[in-house]
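Numbers here simply count residues along the sequence, with the first being 1.
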Amino acid sequence: MGSEGPQSVTIHVTGFKKFHGVSENPTETIVSNLEEYMKRKGMPKGVILGSCSILETAGQGAILPLLQTLQIATNSKDSESSNPGRVIWLHFGVNSGATRFAIEHQAVNEATFRCPDEMGWKPQKVPIIPSDGGITRARQTTLPVEEITKALLSKGYEVMTSDDAGRFVCNYVYYHSLRFAEQNENKSLFVHVPLFLTINEEIQMQFAASLLEVLASLY
């Protein structure tokens with residue numbers, strides 16, 4: 001017998017700590033407070049909020065804990081094989097010059113950091129995963145970016161789609177996550193947010209909650 005009704009969606013969320021030029025990263029606040037915020041607001045139907053992790057804004061510093069989190073969650077899903085549900089990896093990063101939220105369509109296999117990361121690494125035109133090929137290789141999310149954006153626009157948010165996640169740690173993490181998601185039949189999505197000076201904290205928390213709801217409805 002098949003399971004009754006639609007399967008739930010487990011959404012694992014990450015943000016970043018501070019980095020050069022951004023002493024207070026809004027994504028650290030969003031992700032740190034998301035679980036409590038959703039308890040007060042009420043979780044959207046069909047959504048399970050999985051892990052909420054804050055990553056170092058550093059290529060190597062972020063990847064090890066990210067992959068550990070991905071693997072632990074994947075193993076946990078496998079152990080509940082009677083109803084594994086669906087899994088989305090949702091990553092938030094800040095674009096300090098942005099005035100809108102940006103739903104990122106893809107990541108590129110290139111690390112070219114404009115400044116050293118928080119561990120002092122400043123790669124230039126280096127493949128993120130050499131076995132994937134050259135620095136022009138791109139990986140796309142399998143989630144419907146255009147539909148997600150339209151749904152969030154209809155809720156009144158300033159949001160756009162983007163095909164360029166930069167070449168800094170955000171892109172670095174997204175590329176690894178997209179690769180892992182493909183290998184494990186999960187979904188991955190990266191969202192860039194503005195600073196709180198541009199869009200205040202409360203609206204950004206509302207946006208994060210709305211995004212969870214939209215993802216559940218479209219997956």
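In this structure, Thr161 and Glu146 have side chains that are in contact, with non-hydrogen atoms separated by less than 4.5 Å. Residues Val145 and His105 meet the side-chain proximity criterion, which asks for heavy atoms closer than 4.5 Å. By the 4.5 Å heavy-atom criterion applied to side chains, Leu90 and Val191 are counted as neighbours. Lys18 is not listed as a side-chain neighbour of Thr57, based on a closest heavy-atom distance of 4.5 Å or more. Contact annotation: the side chain of Ile128 never approaches that of Val108 to less than 4.5 Å [non-hydrogen atoms, C-beta and beyond]. Side-chain atoms of Val13 and Phe92, non-hydrogen and from C-beta on, do get closer than 4.5 Å to each other. No side-chain heavy atom of Ile54 sits under 4.5 Å from any side-chain heavy atom of Phe16. By the 4.5 Å heavy-atom criterion applied to side chains, Ile148 and Leu143 are counted as neighbours.
Qualifying salt bridge (charged side-chain N to carboxylate O under 4.0 Å, His left out) partners for Asp132, counting only residues two or more places apart in sequence or in other chains: Arg139, Arg179. Looking at residues two or more places apart in sequence or on another chain, you find a side-chain hydrogen bond (donor to acceptor under 3.5 Å, both in side chains) between Asp164 and Arg167. Judged as a salt bridge (charged side-chain N to carboxylate O under 4.0 Å, His left out), and not counting sequence neighbours, Lys187 has no contacts. With sequence neighbours excluded, the residues that form a ring pair (Phe, Tyr, Trp, His ring centres under 6.0 Å) with Phe101 are Phe207. A search for side-chain hydrogen bond (donor to acceptor under 3.5 Å, both in side chains) contacts involving Thr149 returns nothing, not counting sequence neighbours. Residues meeting the side chain to side chain contact (heavy atoms under 4.5 Å, CB included) test with Glu24, sequence neighbours left out: none.
Minimum heavy-atom separation, Ala209 to Tyr37: CB-CE2, 3.9 Å. Minimum interatomic distance between Gln106 and Gln140 (heavy atoms only, all atoms of both residues): OE1-NE2, 2.8 Å. Among all heavy-atom pairs drawn from Cys115 and Phe168, the shortest one is O-CE1, 3.4 Å. Among all heavy-atom pairs drawn from Met119 and Asp117, the shortest one is N-OD1, 2.9 Å. In this structure, Pro194 and Thr99 approach most closely via the heavy-atom pair CG-C, 4.1 Å. Scanning all heavy atoms of the two residues, the minimum distance from Ala208 to Leu34 falls at CB-CD1, 4.0 Å.
Expressed to the nearest 0.5 Å, how far CG of Leu178 lies from OG of Ser188 amounts to 4.5 Å. Remark: Met38 CE to Met205 CE distance equals 8.5 Å, nearest 0.5 Å. Distance check: Leu215 CG to Ile88 CD1 gives 4.5 Å after rounding to the nearest 0.5 Å. Note that the CG atom of Leu55 and the OG1 atom of Thr69 stand 7.0 Å from one another [nearest 0.5 Å]. For the atom pair CG of Leu211 and CD1 of Ile11, the computed distance is 7.0 Å after rounding to the nearest 0.5 Å. Phe196 CZ to Ile203 CD1: the interatomic distance, rounded to the nearest 0.5 Å, is 11.0 Å.
Aromatic ring centres of Tyr172 and His176: separated by under 6.0 Å.
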Item to complete: Go through the steps to decide whether Asn95 and Val193 satisfy the test side-chain contact (heavy atoms from CB on, under 4.5 Å), and finish with yes or no.
Response: CA-CA 6 Å; Asn95 178 353; Val193 306; over 6 Å; no
Discussion item. Pair Glu201, Asn33 - check side-chain contact (heavy atoms from CB on, under 4.5 Å), show working.
Written reply: CA-CA 11 Å; Glu201 180 179 340; Asn33 296 337; 3.8 Å; yes
Practice prompt. Please report the C-alpha distance between Arg100 and Val159 in whole Å, then the side-chain angles of each, then the deciding distance to 0.1 Å, and finally whether the side-chain contact (heavy atoms from CB on, under 4.5 Å) criterion is met.
Written response: CA-CA 5 Å; Arg100 293 183 285 177; Val159 59; 5.8 Å; no
Worksheet item: Does the pair Phe180 and Leu66 meet the rule for a side-chain contact (heavy atoms from CB on, under 4.5 Å), with working shown?
Response: CA-CA 10 Å; Phe180 186 94; Leu66 173 70; over 6 Å; no
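One hydrophobic cluster, built from ILVMFWY side chains closer than 4.5 Å, cannot hold both Leu218 and Met160; they sit in different ones. Linking ILVMFWY residues whenever their side-chain heavy atoms come closer than 4.5 Å, directly or via other members, places Ile199 and Leu195 in the same cluster. Put simply, Leu64 and Ile72 are part of two different groups of oily side chains (I, L, V, M, F, W, Y) that touch within less than 4.5 Å, one to the next.
The backbone N or O of Ala151 sits less than 3.5 Å from a side-chain atom of Ser154, completing a donor-acceptor pair. Side-chain N or O atoms of Thr112 include one that pairs as donor or acceptor with a backbone N or O of Lys125 at under 3.5 Å. Side chain of His12 to backbone of Ser51: a donor-acceptor contact under 3.5 angstrom is found.
Side-chain atoms of Ser162 and Glu104 form a donor-acceptor pair, as typed in the model, at a separation below 3.5 Å. If you check the side chains of Tyr157 and Gln204, you find no donor sitting under 3.5 Å from an acceptor. Side-chain contact annotation: Ser177 with His91, donor-acceptor N/O pair under 3.5 Å present.
In Gln71, the CD atom is crowded: over 12 heavy atoms of neighbouring residues, nucleotides or ligands sit closer than 6.0 Å.
By the 4.0 Å N-to-carboxylate-O rule, Glu110 lies too far from Arg137 to be salt-bridged with it.
None of Ile129, Ile135, Asn171 except one satisfies the side-chain contact (heavy atoms from CB on, under 4.5 Å) rule with Asn109; the exception is Ile129.
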